[in-house]
Amino acid sequence: MDTINPLSSILPVGSATSQGRGRSHGQQFPATGQILKAVVLETNGNDRFVLDIGGNRLSASSQAALSPGQILQLQVTRTQPQIELKIVNDTLSRFVGRSLTLLNKNIDLTALFAAMDKHIPPMLQQLTPTSRNVLEGFFALQQTPFGDKNDGVVLKQLTDRLGLNLERLLAAGDKVGAMHTLKAALLEIAHHFSAAEHLAETTQKILTTLELFQIAQLHTNSPSQQIFPLPLPFVEQGYLVVEEQGKDIEGKRQKEEESRFSLHLTMADIGNLRIDFLQNPAGLYIRFHADSQETADFIAAHSDSLEAAITGIPVISLAFSSGALDPINELIRHLLPDGNSMLDTKV
């Protein structure tokens with residue numbers, strides 16, 4: 001197991017800027033089990049390194065072969081008598097190749113419930129009441145028919161219950177909030193029913209997908225860009241990327257009167273699809289990117305229906321082209337190079 005032993009203190013993630021500015025006297029260490037993102041800044045020989053964790057520079061020792069610029073996912077394994085961090089893995093080797101074989105479907109509980117119901121007594125009844133209620137409530141929301149004005153509310157409820165913030169809730173001492181998440185329920189299944197091979201595999205696929213989005217958001221590490229998975233049964237793979245725009249005017253941060261967001265999808269009958277949106281006071285600009293020109297032409301043939309379905313804001317432009325890539329491949333590719341936006345700003 002590759003470990004890292006910090007030689008200087010770690011502040012709570014996001015609590016201080018680099019170089020130690022704003023450091024308080026009553027420092028708190030991250031909780032055991034918390035996942036941290038780190039960037040290797042320098043190598044000083046004799047197994048000594050300088051890392052950036054949550055905007056803090058700190059010296060650390062490790063026998064692992066690290067190189068400047070390497071992005072690490074670290075888990076806090078102990079805090080006494082000194083902090084010890086386990087290298088979960090670097091982003092590249094964690095996901096390229098391995099995860100692509102697991103992420104063949106989106107976060108859909110249908111197969112999970114089917115696997116649990118095959119056993120007598122059903123495994124669902126053997127879970128704690130909290131986990132059972134979380135799973136049943138999440139599954140019921142997923143089965144809600146879409147097509148009315150409440151779709152956005154249902155999607156937000158699904159996203160909020162995923163548990164992408166599970167580790168942060170535990171670190172903050174909110175054990176109750178953490179337990180009422182899908183990820184916590186899945187971890188309970190993985191722990192208690194590891195011998196049930198098919199159920200364990202189904203559970204691990206969903207957990208891997210959740211962890212991919214957690215690491216993607218950690219890697220983004222920007223309040224101006226958010227990534228939201230779309231846990232909808234009719235979407236094989238999909239997520240939403242939202243970018244908040246802003247500009248400095250006379251030293252003050254002000255929002256521009258425009259917003260950009262992008263849907264990255266794989267649909268059974270359509271294939272890969274990316275839809276870029278640009279909204280400003282004039283109206284809404286939309287560009288559809290299909291994975292083939294034939295599919296783009298098919299969508300374009302229904303542009304009148306698409307435009308009629310959008311109410312409350314004028315549609316200024318609808319454009320259609322090919323070139324959409326696999327959304328999960330795109331997500332993984334953007335985990336690696338710093339400074340790249342996941343949004344195509346040329347709408």
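For this chain, numbers begin at 1 and follow the sequence in order.
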Does atom [atom1] of [X] have more than 12 heavy-atom neighbours, drawn from other residues, nucleotides or ligands, at distances under 6.0 Å?
{"X": "Q125", "atom1": "CD", "answer": "yes"}
{"X": "R161", "atom1": "CZ", "answer": "yes"}
{"X": "D269", "atom1": "CG", "answer": "no"}

State yes or no: do [X] and [Y] share one hydrophobic cluster built from I, L, V, M, F, W and Y residues joined by side-chain heavy-atom distances below 4.5 Å, directly or via other members?
{"X": "L124", "Y": "L112", "result": "yes"}
{"X": "I206", "Y": "Y239", "result": "yes"}
{"X": "I270", "Y": "I286", "result": "yes"}
{"X": "L169", "Y": "L158", "result": "no"}
{"X": "F213", "Y": "V134", "result": "no"}

Minimal non-hydrogen separation, [X] against [Y], with atom names:
{"X": "A115", "Y": "L199", "value": "CB-CD1, 4.0 Å"}
{"X": "L155", "Y": "P231", "value": "CD1-CD, 4.1 Å"}
{"X": "A178", "Y": "A184", "value": "O-CB, 3.3 Å"}
{"X": "Q214", "Y": "G163", "value": "NE2-O, 3.7 Å"}
{"X": "P68", "Y": "L41", "value": "CB-O, 3.9 Å"}
{"X": "I316", "Y": "A282", "value": "CD1-O, 3.3 Å"}

Does some side-chain heavy atom of [Y] sit less than 4.5 Å from a side-chain heavy atom of [X]?
{"X": "L240", "Y": "S262", "result": "no"}
{"X": "I107", "Y": "L182", "result": "yes"}
{"X": "I189", "Y": "L127", "result": "yes"}
{"X": "R274", "Y": "L265", "result": "no"}
{"X": "L135", "Y": "L109", "result": "yes"}
{"X": "L187", "Y": "L207", "result": "yes"}
{"X": "S292", "Y": "D297", "result": "no"}
{"X": "P229", "Y": "T209", "result": "no"}

If you round to the nearest 0.5 Å, how far is [atom2] of [Y] from [atom1] of [X]?
{"X": "F49", "Y": "N44", "atom1": "CZ", "atom2": "CG", "answer": "8.5 Å"}
{"X": "S321", "Y": "H289", "atom1": "OG", "atom2": "NE2", "answer": "4.5 Å"}
{"X": "H264", "Y": "I275", "atom1": "NE2", "atom2": "CD1", "answer": "10.0 Å"}
{"X": "F261", "Y": "D276", "atom1": "CZ", "atom2": "CG", "answer": "10.0 Å"}
{"X": "T181", "Y": "F138", "atom1": "OG1", "atom2": "CZ", "answer": "10.5 Å"}
{"X": "K175", "Y": "L170", "atom1": "NZ", "atom2": "CG", "answer": "9.0 Å"}

Are the charged groups of K183 and E167 less than 4.0 angstrom apart, N to O?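 A salt bridge is present here (some side-chain N lies under 4.0 Å from a carboxylate O).
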
Have T208 and Q204 got a donor and an acceptor in their side chains that come within less than 3.5 Å?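 Yes - a donor-acceptor pair under 3.5 Å links their side chains.
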
Do E243 and Q226 have side-chain N/O donor and acceptor atoms under 3.5 Å apart?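 Judged by distance alone, the side chains do not pair up.
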
Looking only at atom types and distance, does a side-chain atom of N280 sit under 3.5 Å from a main-chain N or O of G283, one as donor and one as acceptor?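 Indeed, once roles are kept as given, a pair shorter than 3.5 Å links the two residues.
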
Under 3.5 Å, side chain of E258 to main-chain N/O of Q279, donor-acceptor pair present?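 Such a contact is absent between E258 side chain and Q279 backbone.
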
Given side-chain contact (heavy atoms from CB on, under 4.5 Å), test L210 with L186 step by step and report yes or no. CA-CA 10 Å; L210 287 174; L186 293 171; 3.8 Å; yes

For the residue pair F277 and Y285, is the inter-centroid distance of their aromatic rings smaller than 6.0 Å?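 So the answer is no for these two rings.
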
Using the side-chain contact (heavy atoms from CB on, under 4.5 Å) definition, which of the options V241, V235, L230 pairs with L263?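 That would be L230; it is the only one of V241, V235, L230 passing the side-chain contact (heavy atoms from CB on, under 4.5 Å) with L263.
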
Apply side-chain contact (heavy atoms from CB on, under 4.5 Å) to the pair V176 and D174, showing each step before the final yes or no. CA-CA 6 Å; V176 174; D174 187 2; 4.2 Å; yes

When you look at I299 and L306, which way does the side-chain contact (heavy atoms from CB on, under 4.5 Å) test go after all the steps? CA-CA 9 Å; I299 299 173; L306 288 169; 3.9 Å; yes

